[in-house]
Amino acid sequence: MLKRVEARQVRTGMFVEAIEGAWQDPFLSKRRFLLRREIDAQKLRKSMTGVIINTSRGLDIDGLPGGNIEIDTKAARETIQKSMQVLESVFGRLQHGDGISVDQVAPVISSVSKSIDQNPTVFLSVTRLKSRDEATFLHSISVSALMILFSRHLGLDETTVQMLGTAGLLHDVGKLEIPLEILNKEGPLDEDEIKMIRDHPEKGHAILSRQEGMSEIVLDVCLNHHERIDGKGYPRKLSEAQVSLHARIAAICDVYDAITSVRPYRAPWSASQALKWMLGNEGHFDRRLLKKFALCLSVVAVA
């Protein structure tokens, strides 16, 4: 539903269809976009007389999403199903020792990116429900979506955004070498099983390093998404200065999806519970970045 609102009513999370009057800002001059950053909302509030918003793609004046949620959910599920099929094929090739390229997952990144732009709340909500059989692929798709969403919120260039989305898809590829009975184990892991799990970043990095033309960003995220700011992460116990921005983003998105996902054997945490725990987990995450992630989620109203 299209609606005209006064400039003073503009808030992050709204989907802007048109801006009244002349507008010079190169980012905000795009005709249609999701308003993600508070700094951009402030610009609109100060300079415009009115804005046309689309409540089916973003928040309304009352801060609640509008539109036909049933239709949006169906579209999100279709995108996710097609994405899982592509990802399953790519992972299958890697498991059999065949080569892959970034181009083979490009259709997934394109679809996920489009869905995140259209309705991030619905898309991320759908990815939270993970069955045992779908968990690996859905987690990868969800982390990819979160990394695209967050890196755009941070204002990174679109080429980097797309590559971070690709990194999210492939970050756990090393788990292909871990038996399913360990990956799906409901009880506590023994020491040997923990070591096997903690080997997956290096195994994944080795697999992806063999692929021709693989991006350094993808390799970095695959190897370092379990490193910590306090140097207690794995596999290499990197110091804070050695952990890249890309790996810090991945660490936040990876853990957030894991603890907010609905699984048959574990109740999920809400967004607020997850973020409270993550902020209280001293030394694990980049706190400055984590606070920006919390703001990013508040903009899209993730429950």
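As the structure is a prediction and not an experimental result, all values here were calculated from the model. Index from 1, following the sequence.
A salt bridge links Glu38 and Arg45; the closest N-O separation between the charged side-chain nitrogens and carboxylate oxygens is under 4.0 Å. The pair Asp172-Lys175 meets the salt-bridge criterion, since a charged nitrogen lies less than 4.0 angstrom from a carboxylate oxygen.
With rounding to the nearest 0.5 Å, the separation of NZ in Lys185 from CD1 in Ile197 is 10.0 Å. Going from atom CG of Leu59 over to atom CZ of Arg11 covers 5.0 Å, rounded to the nearest 0.5 Å. Interatomic distance, OG1 of Thr166 versus CD1 of Ile109, reported as 4.0 Å (0.5 Å rounding). Taking CE of Met196 as the reference point, atom CD of Glu191 lies at 13.0 Å (rounded to 0.5 Å). Atom OG1 of Thr12 and atom CE of Met14 lie 9.0 Å apart (nearest 0.5 Å). Summarising the geometry, atom CD1 belonging to Ile141 is positioned 12.0 Å from atom CG belonging to Leu146; distances are rounded to the nearest 0.5 Å.
You'll find the side chain of His246 stays beyond 4.5 Å of the side chain of Asn224, heavy atoms only. Side-chain contact check for Ile249 versus Leu156: some heavy-atom pair is nearer than 4.5 Å. A 4.5 Å side-chain heavy-atom check between Leu289 and Leu154 finds at least one atom pair inside the cut-off. Side-chain atoms of Leu149 and Cys296, non-hydrogen and from C-beta on, do get closer than 4.5 Å to each other. For the pair His284 and Met278, the minimum side-chain heavy-atom distance is 4.5 Å or more. Counting heavy atoms from C-beta outward, Ile53 and Phe15 have side chains that stay 4.5 Å or more apart. Looking only at side-chain heavy atoms (C-beta outward), Arg248 and Glu240 come within less than 4.5 Å of each other. For the pair Val173/Cys222, a side-chain contact is recorded, criterion being any heavy-atom separation below 4.5 Å from C-beta on.
Although no hydrogens or angles enter the test, the distance criterion places no donor-acceptor pair under 3.5 Å between the side chain of Ser144 and the main chain of Ser140. No side-chain donor-acceptor contact under 3.5 Å links Ser89 to the backbone of Gln85. Remark: side-chain polar atoms of Glu227 are paired, donor with acceptor, to backbone N or O of Arg236 under 3.5 angstrom. With Glu202 contributing its side chain and Asp199 its backbone, the two residues share no donor-acceptor pair below 3.5 Å. A donor-acceptor contact shorter than 3.5 Å is absent between the side chain of Ser115 and the backbone of Val112. Between the side chain of Ser111 and the backbone N or O of Pro107 there is at least one donor-acceptor pair closer than 3.5 Å. Not a single donor-acceptor pair under 3.5 Å links the side chain of Glu177 to the backbone N or O of Gly174. Using a distance-only test at 3.5 Å, with no hydrogens or angles considered, no donor-acceptor pair links the side chain of Arg198 to the main chain of Tyr234.
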May I have the list of side-chain donor-acceptor pairs in residues 93-102 shorter than 3.5 Å, sequence neighbours left out?
| from | atom 1 | to | atom 2 | distance (Å) |
| --- | --- | --- | --- | --- |
| Arg93 | NE | Gly99 | O | 3.1 |
| Arg93 | NH2 | Gly99 | O | 2.8 |
| Gln95 | NE2 | Leu176 | O | 3.4 |
| His96 | ND1 | Gly92 | O | 2.7 |
| Ser101 | OG | Asp103 | N | 3.4 |

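Under a 4.5 Å side-chain heavy-atom cut-off, the cluster of Ile, Leu, Val, Met, Phe, Trp and Tyr residues that includes Leu238 is completed by Val243.
For residues 111-126, the set of pairs meeting the salt bridge (Lys or Arg N to Asp or Glu O under 4.0 Å) definition, not counting sequence neighbours, comprises Arg36-Asp117, Asp117-Arg152.
The aromatic rings of His225 and His200 sit tilted, their planes meeting at an angle between 30° and 60°.
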**Item:** ring-ring contact (aromatic ring centres under 6.0 Å, His included) between Phe293 and Phe285, intermediate numbers included
**Value:** CA-CA 11 Å; Phe293 181 70; Phe285 308 100; 9.3 Å; no
**Request:** Determine, step by step, whether Lys195 and Asp192 satisfy the side-chain contact (heavy atoms from CB on, under 4.5 Å) criterion, reporting the C-alpha distance in whole Å, the side-chain angles of both residues, the deciding distance to 0.1 Å, and the verdict.
**Result:** CA-CA 5 Å; Lys195 184 182 184 304; Asp192 289 338; 5.7 Å; no
**Request:** Could you walk me through whether Asp230 and Glu282 pass side-chain contact (heavy atoms from CB on, under 4.5 Å), step by step?
**Result:** CA-CA 8 Å; Asp230 60 8; Glu282 195 69 35; over 6 Å; no
**Item:** Residue pair Thr260, Ser270: steps toward the side-chain contact (heavy atoms from CB on, under 4.5 Å) verdict
**Value:** CA-CA 6 Å; Thr260 59; Ser270 68; over 6 Å; no
**Request:** Check the pair His171, His205 against ring-ring contact (aromatic ring centres under 6.0 Å, His included), reporting the backbone distance first and the verdict last.
**Result:** CA-CA 9 Å; His171 77 288; His205 184 266; over 10 Å; no
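Of all heavy-atom pairs between Met147 and Gly168, the closest is SD-CA, 3.7 Å. Of all heavy-atom pairs spanning Glu158 and Ser113, the tightest one is OE2-OG, 4.5 Å. Residues Leu34 and Pro120 approach most closely at CD2-CG, 3.9 Å, considering heavy atoms. Here the shortest heavy-atom pairing between Ile217 and Ala167 reads O-CB, 4.3 Å. Scanning both residues, Asp254 and Val143, for their nearest heavy atoms gives CA-CG2, 3.9 Å. Nearest heavy atoms, Met214 versus Val218: SD-CG1, 3.8 Å.
Taken together through direct or relayed side-chain contacts under 4.5 Å among Ile, Leu, Val, Met, Phe, Trp and Tyr, Leu223 and Leu169 form parts of separate hydrophobic clusters. Residues Ile229 and Phe150 are members of separate hydrophobic clusters, defined by side-chain heavy-atom contacts under 4.5 angstrom among Ile, Leu, Val, Met, Phe, Trp and Tyr.
A donor-acceptor contact under 3.5 angstrom links the side chains of Asp257 and His139, judged on distance only.
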